[in-house]
Number of protein chains: 2
Amino acid sequence: MQGYDKYAFEPFAVTVDLAVLTIRAGALHVLLVERGQEPYAGHWALPGGFVLPDESAETAARRELAEETGLSDVSGLHLEQLRTYSEPGRDPRMRVVSVAFTALLPDAPEPRGGGDAAEARWLPYDSAGPLAFDHDRILADAHDRIGAQLENSCLATAFCPPEFTLGELQQVYETVWGIALDRPNFRRKVLASPGFVEPVPGAARLTGGRGKPAALYRAGTATALQPPLLRPSREGRPE
Amino acid sequence: MQGYDKYAFEPFAVTVDLAVLTIRAGALHVLLVERGQEPYAGHWALPGGFVLPDESAETAARRELAEETGLSDVSGLHLEQLRTYSEPGRDPRMRVVSVAFTALLPDAPEPRGGGDAAEARWLPYDSAGPLAFDHDRILADAHDRIGAQLENSCLATAFCPPEFTLGELQQVYETVWGIALDRPNFRRKVLASPGFVEPVPGAARLTGGRGKPAALYRAGTATALQPPLLRPSREGRPE
DNA sequence: CCTTTTATAGTCGAGATGACTCTAAAAGGG
DNA sequence: CCCTTTTAGAGTCATCTCGACTATAAAAGG
């Protein structure tokens, strides 16, 4: 950024794109909006929009998230920058650089078709067909990142409501990783990680359950997981 | 990115900033350029520059890296997107969104003061004083990221020449993490990780060494490290 | 020749991990 | 009302890993 002047650069449009993930009925879901205009009219796309002149990308992402989901309290949930997509041809109309974010939601309030009047909906991750622009790749990158972060961070609690059972927490791992985990071993690992979860003083969940009622836990104060909760079954295949 | 038109957005300048790291004489060094103009004239800054109209950020980063370091073959070295910095006030002159990258170099050819005629130099990471703009934060983020990646990836070989000893590889970890590692245990871990390193057919290093000559290794084909090489001494302090 | 230095092999005990079994406590159906 | 089903949670056990440590080999330097 040495010695440039105001006319040495080409102006770009800067947008944010959001990969908003949640877990519904044991399956990973992603928030998508249906495009009403060309290009990609009728296609599904990740929600997003322009960064305003006085906003950072993070601020813009949080604003768009509130607009698209209709959530009033968007301040507490997990929002993290994923990466920036800047290929010259990624938007056929003009030069758009997009800063992508991942967001994780506990339960799934049905979106109320946000500010741009397009339809917004939760769709299962696996059947999120071809998306507009390069959003397939952004979504896949988001999934990879979240999966990797489950190993080293306490991120999984971001998918859970304020109070949750260890079974629900395990289902987060199983859903995102797409594999089954041994319940006693998972429980042992989680409880042995200081600050991951802490028990709710004197409560157990009764009504909904089919079996023995499970103890309730809250998210702990730690953010990093030491030691990590490594995902198995990558045997014999580096990469 | 729903239904916008050409005039619904404010144009931004988009730049790349590079945190180029290497290891010199057992210490982490970073490539810095001295600014010749206001703002921050006389301050050191990360190398970088504008993304051209037909470039992706990755392409721009690689071009700037070649210009600033004078390296002819910049195609093979490790370049990775770090994150994007978009705070409204980060450049006092105008609205600049910067995509930051990390780059790792094996040896340290002295830079030949790149395209912008500013002085470029390797400076020790620890004494890289207050930098221009928000580059202190970018550099710190780059250090954090590289340190974390050493645990889960074969990235450390990017700091090493094509053929290296396990002692050199260990020094990469010790330098970036700032801690000492047990040599036999490090060796055991590295050799037990399939695809991390592979021995050079029939060679040993003689002349330079003070002690017993060490065997030479090349970077293997794996990129991920399974199981990870965890850094110790985070005992008792989550986060 | 002896000390210093670095590489490499090997040992040993504590702790983590994966696979597994067993019991407790609920719902549901006959 | 009993019996099956279902889920939570405790516990066991062999194996593997990891950190700490010792020992040996092969060079340089005095």
Side-chain angles (χ1 to χ4, degrees), chain A residues 25-26 150-152 160 163-175 177 179-194 196-200 202-218 225-236, chain B residues 25-26 150-152 160 163-175 177 179-194 196-200 202-217 225-236 238:
Chain A
L150 287 189
E151 292 188 331
N152 309 300
C160 296
E163 299 189 345
F164 52 87
T165 68
L166 293 187
E168 291 172 327
L169 188 66
Q170 179 177 349
Q171 203 179 45
V172 171
Y173 280 88
E174 293 182 331
T175 301
W177 286 349
I179 56 176
L181 299 176
D182 181 81
R183 196 190 304 262
N185 291 340
F186 178 83
R187 160 181 215 83
R188 187 215 293 158
K189 272 292 280 184
V190 169
L191 294 180
S193 298
F196 192 1
V197 298
E198 52 191 29
V200 173
R205 173 202 227 181
L206 302 165
T207 161
R210 279 270 297 162
K212 177 177 174 180
L216 288 174
Y217 292 85
R218 270 197 273 265
L225 218 51
Q226 195 69 8
L229 208 157
L230 299 177
R231 80 182 104 179
S233 84
R234 275 203 251 167
E235 311 298 325
Chain B
L150 287 189
E151 293 188 332
N152 309 301
C160 296
E163 298 189 345
F164 53 87
T165 69
L166 293 187
E168 290 172 327
L169 188 66
Q170 181 177 348
Q171 203 179 46
V172 170
Y173 280 86
E174 294 182 329
T175 301
W177 287 351
I179 56 176
L181 300 175
D182 181 81
R183 197 188 306 262
N185 292 340
F186 179 82
R187 159 184 215 80
R188 187 214 294 161
K189 272 292 280 181
V190 169
L191 295 180
S193 300
F196 192 2
V197 298
E198 51 191 31
V200 172
R205 175 205 226 181
L206 303 163
T207 160
R210 279 270 295 161
K212 176 176 173 178
L216 288 174
Y217 292 86
L225 219 51
Q226 195 69 4
L229 207 157
L230 299 176
R231 77 181 106 178
S233 83
R234 273 203 251 169
E235 311 299 326

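These numbers come from the heavy atoms of this one structure, side chains and all, not from hydrogens, waters or symmetry mates. Just so we're on the same page: letters track the sequence lines, and every chain starts at 1.
Residue A:Arg210 places no side-chain N or O under 4.0 Å from the OP1 or OP2 atom of D:dT7.
Between the side chain of A:Ser193 and the main chain of A:Phe196, no donor-acceptor pair closer than 3.5 Å is present. Checked by atom type and distance alone, the side chain of A:Glu151 pairs as donor or acceptor with a backbone atom of A:Arg231 at under 3.5 Å. Distance alone, capped at 3.5 Å, is enough to place a donor-acceptor pair between the B:Gln170 side chain and the B:Leu181 backbone. One N or O on the side chain of A:Lys189 and one on the backbone of A:Pro228 form a donor-acceptor pair closer than 3.5 Å.
A:Gln171 has its CD atom 11 Å from the P atom of D:dT7, to the nearest Å. Rounded to a whole Å, the CD atom of A:Gln170 is 17 Å from the P atom of D:dT6. Taking atom CZ of residue A:Phe186 and atom P of nucleotide C:dA19, one finds them 16 Å apart after rounding to whole Å. One atom, CG of B:Leu191, and another, P of C:dT8, lie 9 Å apart when rounded to the nearest Å. Nucleotide C:dA24 holds its P atom 16 Å from the CZ atom of A:Arg187, rounded to whole Å. In this structure, A:Phe164 places its CZ atom 20 Å from P of D:dT7, rounding to the nearest Å. Note: CG (B:Leu181) to C1' (C:dA7) measures 16 Å, nearest angstrom.
Side-chain proximity of B:Pro213 to D:dA27, C:dT6, C:dA9: nearest is D:dA27.
The aromatic ring centres of B:Phe186 and B:Tyr173 sit less than 6.0 Å apart.
Not counting sequence neighbours, A:Arg188 has no partner by the salt bridge (Lys or Arg N to Asp or Glu O under 4.0 Å) test.
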> When every nucleotide of nucleotides 13-24 of chain D is labelled 5' to 3' by its protein contacts under 4.0 Å (heavy atoms), B for base, S for sugar-phosphate only, - for none, what sequence of letters results?
Replying inline: -----BBBB---
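Nucleotide D:dG19 has C:dC12 as its partner under the Watson-Crick or G-U criteria, with both atom distances under 3.5 Å.
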